[in-house]
Protein chains: 2
Amino acid sequence: MTKDIEHRLKNKDINLTAMRLLVLDFLTKQVAAISLNDLEKGMGPSDRITLYRTLKTFEEKGLVHSIEDGTGATKYALCEDNCDGDHHHDLHVHFYCNTCKETFCLPNTKIPEISLPKRFQSEEMNLIIKGICDQCHPD
Amino acid sequence: MTKDIEHRLKNKDINLTAMRLLVLDFLTKQVAAISLNDLEKGMGPSDRITLYRTLKTFEEKGLVHSIEDGTGATKYALCEDNCDGDHHHDLHVHFYCNTCKETFCLPNTKIPEISLPKRFQSEEMNLIIKGICDQCHPD
DNA sequence: ATGACGATGCAATGCTATTGCAATGTTAGT
DNA sequence: ACTAACATTGCAATAGCATTGCATCGTCAT
């Protein structure tokens, strides 16, 4: 229901607009992370820059996180609920399928602890695994 | 000595040219991974596209690997010796320092085993850690 | 010497990300 | 409900990196 969508925006301290409701609704329907292009094609006719800024706003407020999967185009996917603007908790692995070219969040596959060399201090981690996803897997 | 540089090119099945000797020589002198821009600035006056293609060639032949560190510009760094064009063995962690904005290879920090969900098959992994490097570390 | 092939340099282009600005919509206070 | 203040939107324009086409040049083997 759109009530639910509205709540999610309000919870993240994002003002309600028609555009934002539509974008969030679209995002919840995705299985894979999407690029700005995907969003533009998937939505009705709408301004690319507005979509871009909507995604940026969502990201700042901790509603979505962005993924650099090496394809050149930034992908976006919904965050888990416990994210906020200051601290993204998206320490899960992202998977890029070389066959279907889709990027997926693997929310249950966390990035393990890494022991860095002396005096290196970690603030953020990003792990992209490329290969073949479950859908494209042969046999 | 340039003899050494020449050998490294020949070993990787790369034809010798003046440009390539210069670029490889420059690369060996770097502590951090460099972008095409860095290379262009660091070398004498030379054509940007040629440098670009030189890096591409090196990458194909397994002499350097490229790193997407999220800054938008692809970085390049020398591979370890056991890489070849078909199989890059750069399964080490890359570290981006938020302070000095440099990207480093951490060749001794390997990416640990990750157990993926059923039927996901890994072919390649890429781990970027962002934070503060040893040089920029306070105290 | 010459012919084939690879490397180089220049021009041009595509694509993504990003900003400026004016118009428009939204919200809060009275 | 009215208005002022502020946020959002849409259009235009730009920046920056990646990439290709093509003509020229160099190099190597016959």
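Below, chain A is the first sequence line, B the second, and so on; all start at residue 1.
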Students often get this wrong, so: under 4.0 angstrom with heavy atoms, is B:Thr74 touching a base, only sugar-phosphate, or nothing?
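Since only primed, P, OP1 and OP2 atoms lie under 4.0 Å of B:Thr74, the category is sugar-phosphate.
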Looking across every strand, which nucleic acid part, if any, lies under 4.0 Å from A:Asn15 by heavy atom: base, sugar-phosphate, or nothing?
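The answer is sugar-phosphate, as A:Asn15 gets under 4.0 Å only of primed atoms, P, OP1 or OP2.
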Would you mind reading off the distance between A:Asp47 atom CG and C:dA22 atom C1', rounded to a whole angstrom?
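Answer to the nearest Å: 14 Å.
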Is any NZ, NE, NH1 or NH2 atom of the basic residue among A:Asp25 and A:Lys29 found under 4.0 Å from an Asp or Glu carboxylate oxygen of the other?
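Salt bridge between A:Asp25 and A:Lys29, a charged N being under 4.0 Å from a carboxylate O: yes.
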With a 4.0 Å cutoff (strictly under), does any side-chain N or O of [X] reach OP1 or OP2 of [N]?
X	N	value
B:Tyr52	D:dT19	yes
A:Lys56	C:dT18	yes
B:Arg20	C:dA7	yes
B:Thr17	C:dA7	no
A:Asn37	C:dC15	no

Does B:Arg53 make a side-chain donor-acceptor contact with the base of D:dG21, cut-off 3.5 Å?
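Under the 3.5 Å cut-off, the side chain and the base do form a donor-acceptor pair.
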Side-chain polar contacts of residues 127-135 of chain A - donor-acceptor pairs under 3.5 angstrom, sequence neighbours left out - could you list them?
unit_1   : atom_1 : unit_2  : atom_2 : d
A:Lys130 : NZ     : A:Asp69 : O      : 3.2

Using a distance-only test with no angle check, is there a side-chain donor-acceptor pair under 3.5 angstrom linking B:Glu68 and B:Asn126?
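Result is no, nothing qualifies.
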